[in-house]
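A quick write-up on the structure given underneath.
Start at 1 with the first residue, then count along the sequence. For clarity, every value in this text was computed on a predicted model and none was experimentally measured.
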Amino acid sequence: LNPIEGVFKEDLPVGRLLNFVEKWRVEEVVFCFPYSFEGENTKEYLVKRVRSEYPSLRISSVGENLPKNTPVFYVEESMLERAIKNRRDV
(Lines give C-alpha, C1' and ligand atoms only; values in the text may rest on other atoms or scores of the structure.)
Protein backbone atom coordinates (compact mmCIF):
# COMPACT_ATOMS: atom_id res chain seq x y z
CA LEU A 1 0.00 0.00 0.00
CA ASN A 2 1.37 3.34 -1.03
CA PRO A 3 -1.23 6.11 -1.33
CA ILE A 4 1.42 8.60 -2.48
CA GLU A 5 2.12 6.39 -5.50
CA GLY A 6 -1.57 5.63 -6.01
CA VAL A 7 -1.68 2.10 -4.56
CA PHE A 8 -4.76 1.63 -2.35
CA LYS A 9 -6.44 -1.30 -0.60
CA GLU A 10 -8.89 -1.60 -3.48
CA ASP A 11 -5.97 -2.23 -5.85
CA LEU A 12 -4.83 -5.40 -4.07
CA PRO A 13 -6.10 -8.73 -5.50
CA VAL A 14 -7.37 -9.94 -2.12
CA GLY A 15 -10.23 -11.89 -3.67
CA ARG A 16 -7.79 -13.88 -5.80
CA LEU A 17 -5.69 -14.69 -2.73
CA LEU A 18 -8.73 -15.85 -0.75
CA ASN A 19 -10.00 -17.93 -3.67
CA PHE A 20 -6.59 -19.55 -4.03
CA VAL A 21 -6.51 -20.44 -0.31
CA GLU A 22 -9.98 -21.99 -0.60
CA LYS A 23 -9.45 -23.81 -3.89
CA TRP A 24 -6.10 -25.38 -3.01
CA ARG A 25 -6.78 -25.88 0.73
CA VAL A 26 -3.66 -23.94 1.60
CA GLU A 27 -2.18 -24.70 5.03
CA GLU A 28 0.06 -21.64 5.28
CA VAL A 29 0.38 -18.25 3.63
CA VAL A 30 3.90 -16.81 3.63
CA PHE A 31 4.10 -13.08 2.95
CA CYS A 32 7.30 -11.63 1.55
CA PHE A 33 7.14 -7.85 1.44
CA PRO A 34 10.01 -5.38 1.62
CA TYR A 35 10.82 -4.27 5.14
CA SER A 36 9.48 -0.77 4.63
CA PHE A 37 6.56 1.33 5.80
CA GLU A 38 4.57 0.40 2.69
CA GLY A 39 5.50 -3.28 2.93
CA GLU A 40 4.52 -3.50 6.58
CA ASN A 41 1.20 -1.73 5.97
CA THR A 42 0.39 -4.03 3.08
CA LYS A 43 1.26 -7.11 5.13
CA GLU A 44 -0.85 -5.97 8.10
CA TYR A 45 -3.84 -5.29 5.87
CA LEU A 46 -3.60 -8.66 4.10
CA VAL A 47 -3.11 -10.55 7.37
CA LYS A 48 -6.31 -8.99 8.74
CA ARG A 49 -8.25 -9.86 5.58
CA VAL A 50 -7.00 -13.46 5.43
CA ARG A 51 -7.54 -14.02 9.17
CA SER A 52 -11.10 -12.73 8.93
CA GLU A 53 -11.89 -15.53 6.44
CA TYR A 54 -9.54 -18.26 7.73
CA PRO A 55 -8.83 -17.72 11.44
CA SER A 56 -6.95 -21.03 11.88
CA LEU A 57 -4.71 -20.64 8.81
CA ARG A 58 -1.01 -20.25 9.56
CA ILE A 59 0.28 -16.90 8.31
CA SER A 60 3.96 -16.06 8.38
CA SER A 61 6.36 -13.49 7.02
CA VAL A 62 9.95 -13.51 5.76
CA GLY A 63 10.36 -9.80 4.96
CA GLU A 64 12.45 -8.97 8.01
CA ASN A 65 15.12 -11.44 6.89
CA LEU A 66 15.61 -10.05 3.38
CA PRO A 67 17.57 -7.03 2.14
CA LYS A 68 15.71 -3.76 2.48
CA ASN A 69 14.00 -2.47 -0.68
CA THR A 70 15.05 -5.47 -2.79
CA PRO A 71 12.34 -7.28 -4.79
CA VAL A 72 12.21 -10.97 -3.88
CA PHE A 73 13.01 -12.09 -7.42
CA TYR A 74 16.44 -10.41 -7.09
CA VAL A 75 17.36 -12.17 -3.84
CA GLU A 76 19.89 -14.98 -4.00
CA GLU A 77 18.36 -18.44 -3.64
CA SER A 78 20.37 -19.31 -0.52
CA MET A 79 19.29 -16.09 1.19
CA LEU A 80 15.65 -16.76 0.30
CA GLU A 81 15.90 -20.33 1.62
CA ARG A 82 17.29 -18.99 4.92
CA ALA A 83 14.54 -16.39 5.11
CA ILE A 84 11.82 -19.02 4.60
CA LYS A 85 13.42 -21.35 7.13
CA ASN A 86 13.53 -18.51 9.67
CA ARG A 87 10.08 -17.10 8.89
CA ARG A 88 7.94 -15.83 11.74
CA ASP A 89 4.26 -16.23 12.42
CA VAL A 90 2.31 -13.00 12.23
Side-chain angles (χ1 to χ4, degrees):
L1 296 173
N2 189 341
I4 293 172
E5 304 238 349
V7 181
F8 300 96
K9 293 176 183 179
E10 301 79 33
D11 298 320
L12 300 177
V14 178
R16 285 179 48 200
L17 173 61
L18 297 175
N19 289 338
F20 186 90
V21 169
E22 179 71 27
K23 180 179 180 179
W24 297 102
R25 295 188 174 114
V26 172
E27 295 179 14
E28 178 180 7
V29 173
V30 180
F31 289 117
C32 185
F33 289 102
Y35 191 63
S36 64
F37 179 76
E38 295 83 3
E40 290 297 303
N41 278 344
T42 303
K43 180 178 69 176
E44 286 180 25
Y45 172 72
L46 290 175
V47 167
K48 286 179 187 176
R49 289 292 310 274
V50 172
R51 280 234 168 88
S52 70
E53 296 288 326
Y54 302 98
S56 61
L57 181 68
R58 181 178 182 192
I59 303 173
S60 58
S61 175
V62 298
E64 298 84 11
N65 300 308
L66 296 174
K68 185 177 180 181
N69 296 323
T70 302
V72 70
F73 46 86
Y74 290 126
V75 175
E76 291 182 23
E77 186 176 334
S78 61
M79 185 177 281
L80 188 56
E81 286 176 5
R82 237 184 348 265
I84 290 172
K85 182 179 178 183
N86 295 318
R87 68 191 180 277
R88 296 181 180 173
D89 290 340
V90 292

From CA spacing to verdict: side-chain contact (heavy atoms from CB on, under 4.5 Å), V14, V50 | CA-CA 8 Å; V14 178; V50 172; 5.9 Å; no

Does OH belonging to Y74 count more than 12 external heavy atoms closer than 6.0 Å?
-> no

Got V62 and N86 here, is their nearest side-chain heavy-atom distance under 4.5 Å?
-> no

How close do G39 and S36 get, heavy atom to heavy atom, and via which atoms?
-> N-OG, 3.1 Å

salt_bridge(E44, R49) N-O dist < 4.0 Å | no

Spatial distance of atom CD (E81) from atom CD1 (I84) [nearest 0.5 Å] = 7.5 Å

Using the side-chain contact (heavy atoms from CB on, under 4.5 Å) rule, take Y54 and E22 through it: C-alpha gap first, then chi angles, then the decisive distance, then the call.
-> CA-CA 9 Å; Y54 302 98; E22 179 71 27; 2.8 Å; yes

Do F37 and N41 have side chains that get closer than 4.5 Å, going by heavy atoms?
-> yes

Out of curiosity, L46 CG to L1 CG, how far, rounded to the nearest 0.5 Å?
-> 7.0 Å

Minimum heavy-atom separation for S61 to V90, with atom names?
-> CB-CG1, 3.8 Å

In Å and rounded to the nearest 0.5 Å, what is the OH to CG distance from Y45 to L12?
-> 6.5 Å

What's the shortest heavy-atom distance between G6 and D11, and which atoms?
-> O-OD2, 3.3 Å

Approximate separation, where rounding is to 0.5 Å, of I59 CD1 and F31 CZ | 6.0 Å

Connected via hydrophobic side-chain network under 4.5 Å: V47 and V7 = no

Do R87 and E28 pass the salt bridge (Lys or Arg N to Asp or Glu O under 4.0 Å) test, and can you show the C-alpha distance, the side-chain angles, and the key distance before you say yes or no?
-> CA-CA 12 Å; R87 68 191 180 277; E28 178 180 7; 2.7 Å; yes

Looking only at heavy atoms, which two atoms of L80 and V75 are closest? And how far apart?
-> N-CG1, 4.0 Å

D89 to S60 - nearest heavy-atom pair and separation = OD1-CB, 3.9 Å

Gap between atom CZ of R51 and atom OG of S56 - 0.5 Å precision | 10.0 Å

